[in-house]
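Heads up: the structure comes next, in structure tokens.
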Amino acid sequence: MKKIITLLILSIFILSASAFAITAEEVIQKRDDNEYLQSARVEATMVINNSGRELEKKMISLSEGDKALVEFTNPMDRGTKYLKREDNLWMFFPDAEDVVKLSGHMLERGMMGSDFSYKDMMESQKFTELYKFEIIAEEEYKGRPCYKIEAIKEEGAEVSYYRRVTWIDKERFIGLKEELYAESGKLLKEVIVEETEEIQGRWYPIVTVMENKLREDTSTTFIVDSIQFNPEIPEDTFTLESLQ
Amino acid sequence: MYSKKIILLSITIILIAFPITTFASSNFQMGGTAKIGLNSLFFDDINQVKIYDSINLELSSDNIAFEVNGRHNFTDNELDFTLKKAYYRNDIMGSSITIGKQPISWSFGSLVNTVDYSLGAEALDEETSAKYINGIKIEYPFNWYSSLSLVREFNSEYDYKYGFRGRTLINDFDVSLNWVDQKTSSSNLSRWGVTLKGDISDAGVYGSYTHIDYKTKGLQINTKGYMVGVDYSYFLNQGYGNRLYLQGEYHLLEKNEGLNVLLNSLAGAGVVIPPSRISNNEKYFKLFLSNINYNINDFSSIGFFTITSLEDGSTALIPNYRNQLTSNTTLKVNLSYLSGSNDEILSGGSNFPGVVCNVELSYAF
């Protein structure tokens, strides 16, 4: 009997030990499996909030690998489109029906006045290719058990944020909160996922709020109205011709 | 006369094709913008104040676009309508063909573009009528970034007007070769040029070369124009605050009878330079343009645009303020002040307003 109890305790210990033995890279990989979009069609609403004032923008985006096409559909910006291929950003002006290549520094700018930069919105590389990771704690966030993971940029990688601290749901492998830091250690932005949904077997953030911590009373809420994973995208979608 | 026929033909095609394509298309859109504004012009001797309202209606599907602008001037009780778009577009054998009233713009990011199809059409988001033409455009893409486009305009002012543009990407630089040929009963004007735009380190850089051949009554003139520009932006407050955008460009335009054509390109920026004010002292007329824009917050921005004649130092100062009051409502305030005195190049007078002020409230629906 004593032997059985010892064996049982040992088994539980081994099982628990193996459960916690997951590496940070594996957690991120599982999160990428959920959140990284190899190709997708997303209809979304962006609500920009500043000191009680709100602006609403609606958009449809198509993405495939390092290519993305975003079209705004709200009345103020109707027809404005952006095409990103690698680090090149192109903008379509609907009134003149003309396409202009934007300078590289514009990628850091807040997209349509939001707290999301063009790079945030159209970042196409997997995080595992850009950062090195470490589990720094295991803690609850809004009642969900989470891995708290620190990501430091890989040497030579071109990223918007030097360090990220992310709370990833242990069961669903979806990011619930993220803090984005500069190399100086200054907190730049905070991302809170307010609503998640399981779509086609993948947990995906539906309502995300980004706060720019360097500005007071400002935030941008990104709401996914509909999402289609791996849709059929015509071959000529990510071209200057289709932007027009 | 010829042009009127083309307009009628375009509208007929649109009217026939619209119901068909609209029902077949899932991408049908309609909307517009309503505006009310005040425009003040201050000449040497008189001031003009106009209060206006306007409505812009748009209707489009995958193949069809229709846009009309109605403008009412309260002061003179005048009503004007402008047909901005009425075209049918379709893909035939890998080419995109657009027939009817349509905008033709060959911008590449400069403040003033002397190589555009229509000079004076630079302001991409402004309602400049110069860029809307009656004609046919055929565009053939070779790959995702390279294309050739051919424009044939039908306009009673010309015997003919053709435009050709080749565009590609070389080492991440957007490069285009533009050519426009127009003939009237008394003259032939041929413009061609090259533009490029790309990045060097963190700055955007661009430039253009323009060549004009002007022939009239036994006279043949060649005029050249050169331009280089740079744009850069950075965050204030040690890199973490609001963004400041800076842009500057330098134009070198050969002084002869063809200069007048190149100066037309400033009309899009709201500035008119009479060639009679330009001296014959040097071979080139030199201009420097700058644009500074600062985002006050997510909703509002201030900008400061300048045009300086390096010949006499006279400058057009054009500050602007923009505030998006709600998701659909925007307030814009633009001021233009010509600092030159007497007959300096950028100065006001009895024919040219020295100060222009425009306040406009718009609602998009």
Side-chain angles (χ1 to χ4, degrees), chain A residues 47-51 53-58 67 73-80 83 85-88 90-91 93-106 108-110 112-115 182 184 186 188 212-215 217-220 235-244, chain B residues 29 31-33 58 60 65 84-85 96 102-109 121 123-127 131 139 141 143-147 167 169 172-174 197-199 202-206 231-235 237 239-243 245 295 297-299 324-328 330 363-365:
Chain A
V47 182
I48 301 162
N49 198 312
N50 190 321
S51 308
R53 281 172 70 186
E54 274 189 6
L55 290 186
E56 191 179 280
K57 314 249 176 205
K58 286 192 168 284
K67 295 167 280 191
T73 56
N74 57 295
M76 184 67 82
D77 311 296
R78 189 187 296 117
T80 302
L83 171 70
R85 289 188 64 131
E86 295 174 348
D87 282 337
N88 288 312
W90 305 77
M91 182 178 179
F93 293 83
D95 192 36
E97 297 194 5
D98 201 5
V99 174
V100 173
K101 184 179 188 291
L102 299 183
S103 299
H105 58 80
M106 300 296 274
E108 304 287 347
R109 187 175 169 168
M112 298 299 245
S114 74
D115 292 303
S184 64
K186 196 164 191 156
L188 303 175
N212 186 334
K213 304 306 274 187
L214 304 170
R215 296 193 293 166
D217 295 328
T218 167
S219 68
T220 301
E235 205 175 315
D236 62 352
T237 300
F238 304 103
T239 63
L240 295 187
E241 174 70 11
S242 74
L243 203 53
Q244 297 182 47
Chain B
Q29 291 185 335
T33 313
E58 301 161 42
S60 66
K84 293 168 82 176
K85 295 179 190 173
S96 163
Q102 57 189 295
I104 301 291
S105 177
W106 291 347
S107 299
F108 62 100
L124 288 173
D125 56 351
E126 298 295 329
E127 288 174 3
K131 64 186 174 229
E139 188 151 3
N143 49 40
W144 78 264
Y145 57 83
S146 302
S147 64
R167 186 177 198 176
L169 202 61
D172 283 345
F173 271 75
D174 179 27
K197 183 170 196 281
D199 295 298
D202 290 335
V205 292
Y206 55 91
D231 60 71
Y232 180 70
S233 61
Y234 66 97
F235 292 97
N237 189 18
Y240 301 121
N242 291 341
R243 180 164 279 259
Y245 175 84
N295 289 333
N297 53 40
D298 295 332
F299 307 106
Q324 194 167 348
L325 303 172
T326 69
S327 292
N328 295 3
T330 306
Y363 179 80
F365 55 91

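Chain A is the first sequence line, chain B the second, and so forth, proteins listed ahead of strands; every chain is numbered from 1.
- Under the 4.0 Å criterion applied to side-chain N and carboxylate O atoms, A:E97 and B:K85 are assigned as salt-bridge partners.
- Annotation: maximal heavy-atom pairing with chain A below 4.5 Å, among B:Y232, B:W106, B:F108, B:Y145, occurs at B:Y232.
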Could you walk me through whether A:T218 and B:D298 satisfy the side-chain hydrogen bond (donor to acceptor under 3.5 Å, both in side chains) test, starting with their C-alpha distance in whole Å, then the side-chain angles of each, then the deciding distance to 0.1 Å, before giving a yes or no?
CA-CA 8 Å; A:T218 167; B:D298 295 332; 3.0 Å; yes
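- A:D98 approaches B:S107 most closely through the heavy-atom pair OD2-N, 2.7 Å.
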Assess the residue pair B:F235 and A:L214 against the criterion (side-chain contact (heavy atoms from CB on, under 4.5 Å)); give the C-alpha distance rounded to whole Å, side-chain angles, the decisive distance to 0.1 Å, and a yes or no.
CA-CA 11 Å; B:F235 292 97; A:L214 304 170; over 6 Å; no
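- Interface remark: A:N88 contributes side-chain atoms only to the contact with chain B (heavy atom separation under 4.5 Å).
- Counting heavy-atom neighbours within 6.0 Å of B:Y234 OH, excluding the residue itself, gives a total of 12 or less.
- In terms of heavy-atom proximity, A:F238 sits nearest to B:W144 at O-CB, 3.9 Å.
- When each of B:D231, B:D202, B:L169, B:T326 is scored by its heavy-atom pairs under 4.5 Å with chain A, the top score falls to B:D231.
- Closest of all the heavy-atom pairs between A:R78 and B:G31 is NH1-CA, 3.5 Å.
- Per-residue counts of heavy-atom pairs under 4.5 Å with chain B were compared for A:E56, A:K101, A:E54; the largest is that of A:K101.
- For B:S233, the parts lying near chain A are the backbone and the side chain together; criterion is any non-hydrogen pair under 4.5 Å.
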Stepwise side-chain hydrogen bond (donor to acceptor under 3.5 Å, both in side chains) test for B:K197 and A:S103:
CA-CA 8 Å; B:K197 183 170 196 281; A:S103 299; 3.0 Å; yes
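- The two residues A:D95 and B:K131 come nearest to each other via the heavy atoms OD2-NZ, 3.6 Å.
- With a 4.5 angstrom heavy-atom cutoff, B:T330 touches chain A via backbone and side-chain atoms both.
- Using the six-membered ring where Trp is involved, A:H105 and B:Y245 have ring planes that are tilted, between 30° and 60° apart.
- Among B:P103, B:S96, B:A364, the residue with the largest count of heavy-atom pairs under 4.5 Å with chain A is B:P103.
- When B:N297, B:N143, B:D172 are compared by the number of non-hydrogen pairs under 4.5 Å with chain A, B:D172 comes out ahead.
- Residue A:E241 comes nearest to B:P141 through the heavy atom pair CG-CG, 4.0 Å, listed as atom of the first residue, atom of the second, then distance.
- Contacts between A:V47 and chain B at a heavy-atom distance below 4.5 Å are absent for every atom of the residue.
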